[in-house]
There are 2 protein chains.
Amino acid sequence: MSNENNSSKKRRNVTIMDVAQASGLSCATVSRVLSGYEFVKETTRQRVMDAVEQLGYVVNLPARSLAGGHSQIIGLLVPNLDNGYVGTIAQGIDQELARANYDSVLYTSHRHPGKESFYVITIANGLTEGLLLVAPQVVPTYLDALREQNFPYVLIDQADATENSSIVDASNWQGAYEATRYLIQLGHTQIAFITGELIVRSATDRLAGYKAALKDHDIPINDDLIFEGHFQQEDGYEITKGILERADIQPTAIFASNDLSAFGAMDAIREHGLKIPDDISILGFDDVPQASIVYPKLTTVRQPLEQMGKIAAKILLEQIEDPSRPPQRVTLATQLVIRDSCGPYPPQEGETKPLKQTGGSLLRTN
Amino acid sequence: MSNENNSSKKRRNVTIMDVAQASGLSCATVSRVLSGYEFVKETTRQRVMDAVEQLGYVVNLPARSLAGGHSQIIGLLVPNLDNGYVGTIAQGIDQELARANYDSVLYTSHRHPGKESFYVITIANGLTEGLLLVAPQVVPTYLDALREQNFPYVLIDQADATENSSIVDASNWQGAYEATRYLIQLGHTQIAFITGELIVRSATDRLAGYKAALKDHDIPINDDLIFEGHFQQEDGYEITKGILERADIQPTAIFASNDLSAFGAMDAIREHGLKIPDDISILGFDDVPQASIVYPKLTTVRQPLEQMGKIAAKILLEQIEDPSRPPQRVTLATQLVIRDSCGPYPPQEGETKPLKQTGGSLLRTN
DNA sequence: CATCGAAATGTAAGCGCTTTCAATAAATCA
DNA sequence: TGATTTATTGAAAGCGCTTACATTTCGATG
């Protein structure tokens, strides 16, 4: 009685051996049953399952993983969780994984500045069978290591300079182009642009799309209207505040490289006593959940984030199943989502609602 | 050349043995160096580290874990990621863990309805040394199992019926009480209340706080003004829509049990052509990041989510270090954050800004 | 009925690491 | 200087699982 289950030491778990013993079989057979091996007699399977049930056996993942089995777990490395962006992607990933009975384990990378590489390798070297990298912010120096180890991984929303990875992203250039064109068609010519971090591919693509649209419509590109931000709300706020205080430029619309900075811009504008979209139009990028919560609802370019997550997961799963598959790249179309934050210029009397568009990949939603 | 590193098969990782060989030491010594054992000669340590460096050795977590070592990893089980709520808590957790050089691995539970128990046990049986449960939505039937295994865990924002767990939560009752009092002091007497899921402790506490405040101010509790929701934006929208369409009740303020449903309510109100706070006041609970993004900025009760995460992590770490510690419960104070969504009743002419409050734990912010 | 291949199960060798326990080297003391 | 600690290392036994290989069972074939 005193040496059974008392002290706080050494909790002994039920192992495969215990199940084997209880069912009068070998541990190998138990293992086979547990991992769904084909050739096991039905009665045997039943015996094992009964014992499992009765003993309350639970698999020990590290052991399984060590022994070379399938952990059915993939790693998901994200920069942070404080905006809807990552959450939405994760949602899609989760859905797809669930279908394959896989689980995901999420790591945040922002903790190890400069050590991402080490971190990633550790993950790859561990429990997981594959890796999904949502890494808009870092230039991955560790991809080589992963490739060398032949470890399956998929990049989400990040181009790999070596063109050697599976990648899922969105048509950033096109999205920015169409959004800019929309503003132009509304009559705007003085369109300020708030960039993201320009080391990030998606950021430069968006900037390029913006410039291309201006050019195609014979609107000169004015570098004074382009401001470098970091995809943060704070940036959007500060930059916009700066814009409004300057006398030399008078943009009638601001196109922010992501929703977060668009929110910041909205704050600054309201604080300055101006009305959106009557006095100035705002356009974002991403279509995070908040975009339809803010007031006025934000007109923005939708990245199919959930869809991106799903597809990335799917590709990874395929890659795990057959590691010899060549890398795939999927670029999903973005879509202009017209809500209430953009108006015509010059403003129409009594009409503050945005014009309905035709053609292009537009979408009118709430 | 042809049998070195060619095929896609069997990636052999660098192991502790390789390092041992390279440095001319035993694997035991290498292990000691790697896990920071005290009594190792400095020169030896250096030899090992050099070899590690040179070979690019990376620890194999499953192996370490299997062998009984410290994985330095705790599990974080959350219902989902699609609202700022969880993200903010995770942020705090992460900060605290970083200090102790621990990592967190995040699992989402929504995938396994009815199997949470199994899921949790698997986690506990695996890689992690402890578990943080953000579980406002589920009544955990698995706590017994965890306790029995003597596995360290901390509940966040969830009361445990058995009073036997470490718990970190916020003073929901008090927060709701003070918020309601604030509305009353603004002159409101017809205050609608949108609840959360009433199986959840925090939801019932908030409801109770609301009722208590009414009672203390001699305002009759009208069950027709209390609506059962599920902490979702959709609920807030539908319920509020219903409220506005009814003729028999005319609340001048709506107190939603969380920010998300408050956002829904705001949508419905705007859709109905009313203005906030002039025509009706809205009050939320949580203070998620979006609360200060929406327009008008939401007056709400702040749960110190990040702080909660930090403290929970801290307690868990202590518990891991010394499993014999008794369970701790920490309840953090909530705080009324006055922004722009509540106005006086009857509305003052020319004054739509909220009154500045004195006394109580109020806070004026942006 | 002997024979053979597939099916079903068992045996045992690790996976990479930690951790006793034992052995050796270095340091201290009488 | 020899005895006694104490610091430092090594040898080897697992942790719980998978899996190649060996063995046994069994229905079917000729």
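Computed from heavy atoms alone, side chains included, the values below leave out hydrogens, waters and symmetry copies. Each chain gets a letter, A, B and so on, in the order the sequences are listed, and its residues count up from 1.
Residues B/L132 and B/Y153 are not in side-chain contact: their nearest non-hydrogen atoms beyond the backbone lie 4.5 Å or more apart. You'll find the side chain of A/V59 stays beyond 4.5 Å of the side chain of B/N125, heavy atoms only. A heavy-atom distance below 4.5 Å is not found between the side chains of B/S23 and B/D50. Residues A/E318 and A/P152 fail the side-chain proximity criterion, which asks for heavy atoms closer than 4.5 Å.
Per the geometry, OH belonging to B/Y37 stands 13 Å off P belonging to C/dC21, to the nearest Å. Taking atom CG on A/L61 and atom C1' on D/dT18, their separation rounds to 13 Å, with Å as the unit. Distance A/L25 CG to C/dA7 P: 19 Å, rounded to the nearest Å. Rounding to whole angstrom units, CG of residue B/N60 and P of C/dG16 are separated by 7 Å. Between the P atom of D/dT9 and the CD atom of B/Q46 lies a distance of 13 Å, rounded to the nearest Å. Rounded to an integer number of Å, the gap from B/E38 CD to C/dT19 P is 15 Å. Computed from coordinates, the B/I16 CD1 to D/dA11 P distance equals 14 Å when rounded to whole Å. In this structure, A/L66 places its CG atom 9 Å from P of C/dC15, rounding to the nearest Å.
Residue B/V59 places its side chain closer to C/dC17 than to any other of C/dT11, D/dC17, C/dC17. When distances are taken from the side chain of B/V40 to each of C/dG14, C/dT19, D/dT9, the shortest belongs to D/dT9. Here D/dT19 is the nucleotide among C/dA7, D/dT19, D/dT8 with the atom lying nearest to any side-chain atom of A/S31.
Where B/A63 and B/T29 each meet DNA chain C at their nearest nucleotide, the meeting point lying more 5' is that of B/A63. Residue whose closest nucleotide on DNA chain D sits further toward the 5' end, between A/T15 and B/A28: B/A28.
Residue B/R64 places none of its side-chain N or O atoms closer than 4.0 Å to OP1 or OP2 of C/dG16. Taking only side-chain nitrogens and oxygens, A/S26 comes nearer than 4.0 Å to OP1 or OP2 of C/dG10. An OP1 or OP2 oxygen of C/dT9 is reached within less than 4.0 angstrom by a side-chain nitrogen or oxygen of A/T44.
Considering all non-hydrogen atoms of both residues, B/S65 and A/P62 come closest at OG-CG, 3.9 Å.
At a cut-off of 3.5 angstrom, counting only N and O atoms as typed in the model, there is a donor on one side and an acceptor on the other between the side-chain of B/R32 and the base of C/dT20.
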